[in-house]
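Here the structure is a predicted model, which is why all the values come from computation and not from measurement.
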Amino acid sequence: MGTFTSARRYVLHTFATTESAMMKKRVSQFMLSTECPLCHGKRLRLEALSVKFAGLDIADLSRLTLERLGELMRPYEKDGSPKLAREHPEKAEVARRIARDVCERLSVLLDLGLGYLTLERSTPTLSPGELQRLRLATQVRSNLFGVVYVLDEPSAGLHPADTEALLRALDRLKEIGRAH
């Protein structure tokens, strides 16, 4: 006397809901992972992938390092797209503003020595030092006042060049009146 669910349903439900690593491992042996023939593993709908910037879709852009993304955006920050400026000046201005904002955000991350990271990199894979520098970059760009920052060994484990970048970012916080 019981309820029967299909083996497929049991495997998918167990994999999605269990917190036990052993159970996840047990049911994962019945699962097959293949690349989607439509999006080729990019995990986005074709409509989203059809939007391109500099010939790259959002998945391709997120796979670039921050340093490479900055290089790609810099020309648009200054001039936008000449063709777009001729055909649609208002769209060119929007592109220029977006590129400028992205470049400003990237400059802080690059200054902190995080240019090797990609946008698709998940947070749990970051080291504590990388996380701390990302948080610091967020604070440099924010307009919060009256906030106390406590940095626990901010330069621990950093390459000397990255330590210099960290000190410049801290100086930047100090210059805008948010650190002492």
Quick check: do [X] and [Y] have side-chain heavy atoms less than 4.5 Å from each other?
X: Leu61; Y: Leu64; answer: yes
X: Val108; Y: Leu112; answer: yes
X: Met22; Y: Lys25; answer: no
X: Met31; Y: Leu12; answer: yes
X: Arg63; Y: Thr118; answer: no

Run Leu126 and Leu117 through side-chain contact (heavy atoms from CB on, under 4.5 Å) and show every step you take. CA-CA 9 Å; Leu126 298 174; Leu117 294 178; 3.8 Å; yes
Residues passing the ring-ring contact (aromatic ring centres under 6.0 Å, His included) test with Phe15, sequence neighbours excluded, are none
Between Glu93 and Glu90, is there a donor-acceptor pair closer than 3.5 Å when you use the side chain of the first and the backbone of the second?
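A pair under 3.5 Å: no.
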> If only atom types and distance count, is the side chain of Thr18 paired as donor or acceptor with the main-chain N or O of Thr14 below 3.5 Å?
Replying inline: no
Can you tell me how far [atom2] of [Y] sits from [atom1] of [X], rounded to the nearest 0.5 angstrom?
X: Thr125; Y: Leu131; atom1: OG1; atom2: CG; result: 8.5 Å
X: Glu47; Y: Leu44; atom1: CD; atom2: CG; result: 10.5 Å
X: Ile58; Y: Ser50; atom1: CD1; atom2: OG; result: 11.5 Å
X: Leu106; Y: Leu114; atom1: CG; atom2: CG; result: 11.0 Å

For [X] against [Y], the heavy-atom pair lying closest together:
X: Lys42; Y: Asp60; value: NZ-OD1, 3.1 Å
X: Glu130; Y: Ser127; value: OE1-N, 2.8 Å
X: Ala137; Y: Leu109; value: CB-CD2, 3.5 Å
X: Tyr76; Y: Ala54; value: OH-CB, 3.8 Å

Using the rule given for salt bridge (Lys or Arg N to Asp or Glu O under 4.0 Å), can you reason through Arg97 versus Asp101, listing the C-alpha separation, both sets of side-chain angles and the distance that settles it, and then say yes or no?
CA-CA 6 Å; Arg97 288 181 184 183; Asp101 186 56; over 6 Å; no
Please table the atom pairs, donor to acceptor, closer than 3.5 Å between any side-chain atom in residues 34-41 and protein atoms at least two apart or in another chain.
none

Please list every donor-acceptor pair under 3.5 Å in which a side-chain atom of residues 65-74 meets a protein atom from a residue at least two apart or in another chain.
residue	atom	partner	partner atom	Å
Thr65	OG1	Arg68	N	3.1

Heavy-atom neighbours of Tyr10 OH exceed 12 at 6.0 Å
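No, OH of Tyr10 has 12 or fewer neighbouring heavy atoms, counting only those of other groups under 6.0 Å.
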